[in-house]
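Just so it is clear: chains get the letters A, B, ... in the order the sequence lines come, proteins before strands, and each one is counted from 1. Basis for what follows: all heavy atoms, side chains included, without hydrogens, waters or symmetry-related copies.
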Amino acid sequence: MLEKAQTDMYHTDFAVSLNNVTKTFTQWQRDNTGRGLIRNLIKPEKQTITALDDVSFNVRKGEIVAYAGPNGAGKSTTMKLIGGMLLPNSGDISVLSLSPQRQRRKLMQHLGILFGNRTELWWDHPIIQSFEWKKVVWGISDELYKENLAMVTELLDIGNLLKTFARELSLGQRMKADLAMMLLHSPQVIILDEPTLGLDVVAKRQMIDFLKRINRENGVTIIVTSHDMDDLEEMAERIFMISAGKLAFDGSFNDLRSITGNLTRVVVTMEKDFVPKVEGGSLLSSSNGVFEYDVDLHKIPVRELLSQLSTATGVQDVEIRKAPIEQVIAQLYKDWNSGKN
Amino acid sequence: MGVKLASKLKRMLGLFAISAKMDLVWLLRDTKFAIAAIAADAISNLSVVSSVYLIALRFGGIGGLSVDEVLFMMAYSTITTGLFILFGSANNIHISRIIGRGQLEHLFMQPLSLKAQLLTCGFAPFTGSGNFIIGCILMVISINRLNIEFSFWWIASLIIYVLTTMVIIVARAYLVSSAAFYAPVAAEEITSTAIDGTWQLSTFPLSGMPSFIQLSLITILPEGFMAWFPSLCLLGKPPLNLSEYYPLAYALILSLLASYIFRKGLNYYVRKGSNRYVPYGFRR
């Protein structure tokens, strides 16, 4: 039986597959007038929200995939569907060839879920006690537990936190402890919903490095959502973007940049009293002779841009770099809201 | 088959053991505070029991029950309250709190059935056994005073009735808690209201009440099963000319109804989800 289950589980290259998944919710609506209150008693007004509309995607084993979208786009709903916490209205979901809805218990032995705003730690116990609790509940063998405990303690640098009560931890420490606890059963797929929420630069750095390392060394598949696009770009090579319940983009971050017109930042340092002329670019800032422009390289080819700057007098230095991904995404959200694409 | 059952049993015992260990280390983290909490619990319960017992002493019994029979009923009530605290320390009986606060998702993340989690997660033998022990002591005293003939069958009956009362408490809690699937904020504390009401009436001997009240409290509401009806059955005088199996039938029907309604609510929850999430009260 066990052998059969394991064979079933490994027969595909996909860690996560969603096929034509639709998920709708009903929201109650009511205005604030007396008439609205009475109408609500007789015939309550309801609105159907389509959180996911016929969404399909596959995530290969060993991939890190970023999952992004504006507020209310359906990111957390997708995470909960993958984690078997919600049922789809239609469509199929498969995680490691298991159905999250029908084989939840078996799946949870191989899946790790972390919501940035929630904790699995026992509040009034030392961290190590929560870890021991997990060992029993997940039925983790002594050998695997020791091995994973040593690994997470070293990589996440939490040795000095193990005896500390969860209630005494800072947010960053708590997130590290939660992440460590999630990994104790060696999950093959992990789902992270806003894992860097509220973390400072150092804690964020450590978490990103750690996730990349377990992905590289242990082949763990990671699906991560965040509103911090720079974090996502640093972690993942592939990004899914969801908008109004539809999968609006599936590709690399470079592809994402190109669909918004190859936005580029050009920083020109000038000698005193000189101002550069960058035709077609929009000036973002200028200070102490340093001028920063937004340029769309689809509209102004880089050769033309350099030729403009090479003939200008007073140019000391030119730096061309990719626009921050935040700006690309913001442009994309704006386009989606205005009905483009 | 046998191996599978043994493995399941071992797993369940392991889960009870880890809950017990979490309880013990929690007790030992601040022993003074924990002892104070246990003592307060026991004193509060003894006060409830004493008030009725003192009235019985003053008037030589209540509603046709002798003082010792009242004491027996008090002991029964204390045992069931004790079991409630012993197995329900993680809001697993006050389930409307878990549902209303959107905390069921924590349970979905565990590789266990919901039943196994809810049965084992609230086991607190070190901080929650005070009432149960006091109840057992009171039971031994009352049995001695009543000169009850001790037999295997009588002990088995006592255990069956206590379990029946527990089934009724849990079934009722889960039945009313199902409202929290549909109205998480309004119904978050609905089990407290239901269970508190149950405790308040559970220690009162209903024998002196008009029969329509007695009947109401063993049909529409289950308060009569908390101590009064089963105690009288154990004393060999089932009230209202009803069969001594009536509590068992009531528990069966109520638990089937609760199971049906709760499953329906759970189905609604996994279809609709919960936008509400409140972290407090989950895992102490």
Side-chain angles (χ1 to χ4, degrees), chain A residues 1 23-28 49 51 72 76-77 79-81 83-89 98 100-101 103-115 117-126 128-130 132-140 165-167 174 181-182 185 187 191 193, chain B residues 3-4 7-8 10-30 33-34 89-90 101-117 120-121 127 182-183 266-284:
Chain A
M1 184 70 186
K23 179 72 198 166
T24 58
F25 293 105
T26 312
Q27 279 183 347
W28 289 53
I49 303 290
S76 293
T77 300
M79 299 290 137
K80 288 181 182 178
L81 285 165
M85 297 168 195
L86 282 177
L87 283 174
N89 292 73
L98 295 169
Q101 283 70 38
Q103 294 160 294
R104 181 187 62 81
R105 273 187 275 168
K106 196 185 278 183
L107 178 61
M108 287 306 149
Q109 292 283 3
H110 307 279
L111 184 69
I113 304 173
L114 179 66
F115 288 98
N117 60 349
R118 303 181 186 186
T119 181
E120 289 301 311
L121 298 166
W122 287 68
W123 187 77
D124 213 2
H125 286 281
I128 192 70
Q129 194 61 50
S130 292
E132 279 183 24
W133 169 83
K134 169 146 186 173
K135 176 182 180 287
V136 175
V137 172
W138 263 255
I140 305 168
F165 284 72
R167 59 179 149 85
R174 202 268 289 159
M181 184 161 156
M182 185 193 66
H185 67 292
I191 294 168
D193 195 9
Chain B
V3 176
K4 208 175 167 186
S7 140
K8 260 190 178 174
K10 195 179 161 196
R11 183 96 175 99
M12 291 301 282
L13 287 176
L15 293 171
F16 274 118
I18 189 65
S19 294
K21 188 176 176 187
M22 298 304 282
D23 184 45
L24 177 66
V25 290
W26 187 75
L27 169 74
L28 297 176
R29 108 220 180 278
D30 188 343
F33 175 78
S89 74
R101 293 170 188 170
Q103 294 168 350
L104 267 183
E105 288 171 1
H106 287 285
L107 307 186
F108 291 143
M109 287 183 201
Q110 295 178 32
L112 296 170
S113 67
L114 283 186
K115 275 183 209 158
Q117 290 181 57
T120 57
C121 70
T127 58
Y182 309 94
L266 192 61
N267 196 24
Y268 178 86
Y269 187 92
V270 292
R271 276 188 291 115
K272 303 284 175 184
S274 173
N275 283 332
R276 187 167 191 245
Y277 178 74
V278 183
Y280 63 76
F282 184 72
R283 282 188 200 145
R284 62 185 184 182

Note, A:Gln129 side chain near B:Trp26 side chain (heavy atom, < 4.5 Å):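 Of all side-chain heavy-atom pairs linking B:Trp26 with A:Gln129, none is under 4.5 Å.
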**Request:** Flag the pair B:Lys272 / A:Thr26 as yes when at least one side-chain heavy-atom distance between them is below 4.5 Å, and no otherwise.
**Result:**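 B:Lys272 reaches A:Thr26 side chain to side chain.
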Heavy atoms only: give me the nearest [X]-[Y] pair and the separation to one decimal.
{"X": "A:Val136", "Y": "B:Arg11", "answer": "O-NH1, 3.0 Å"}
{"X": "A:Glu132", "Y": "B:Lys21", "answer": "OE1-NZ, 2.9 Å"}
{"X": "B:Val25", "Y": "A:His125", "answer": "CG2-CE1, 3.4 Å"}

Whether the side chain of [X] engages the backbone of [Y] through a donor-acceptor N/O pair (distance < 3.5 Å, no angle test) should be reported.
{"X": "A:Arg104", "Y": "B:Leu112", "value": "yes"}
{"X": "A:Arg118", "Y": "B:Tyr277", "value": "no"}
{"X": "A:Lys106", "Y": "B:Pro111", "value": "no"}

Go through the atoms of [X] and report whether side chain, backbone, both or neither lie under 4.5 Å from a heavy atom of chain A.
{"X": "B:Ser113", "value": "both"}
{"X": "B:Leu107", "value": "backbone"}
{"X": "B:Tyr269", "value": "backbone"}

Lys/Arg cation over aromatic A:Phe165: B:Arg29, 6.0 Å, 45° cone: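 Judged by the rule, B:Arg29 and A:Phe165 form no cation-pi pair.
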Is [X] close to chain B through its backbone or its side chain, or both, or neither, when contacts mean heavy atoms under 4.5 Å?
{"X": "A:Lys134", "value": "neither"}
{"X": "A:Thr77", "value": "neither"}
{"X": "A:Lys23", "value": "side chain"}
{"X": "A:Asn89", "value": "neither"}

Other residues, nucleotides and ligands only: do more than 12 of their heavy atoms fall within 6.0 Å of CZ on A:Arg105?
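No - once you tally the heavy atoms of other residues, nucleotides and ligands closer than 6.0 Å, there are 12 at most.
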Open item on the list: Distance check, rounded to the nearest 0.5 Å: B:Met109 atom CE versus A:Met108 atom CE?
Closed with: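 CE of A:Met108 is found 8.0 Å from CE of B:Met109.
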task: Output the distance between atom NE2 (B:His106) and atom CD1 (A:Ile113), rounded to the nearest 0.5 Å.
output: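 Reported value, rounded in 0.5 Å steps: 11.0 Å.
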Exercise. List the steps, then state whether side chain to side chain contact (heavy atoms under 4.5 Å, CB included) holds for A:Trp138 with B:Gln110.
Key: CA-CA 7 Å; A:Trp138 263 255; B:Gln110 295 178 32; 3.7 Å; yes
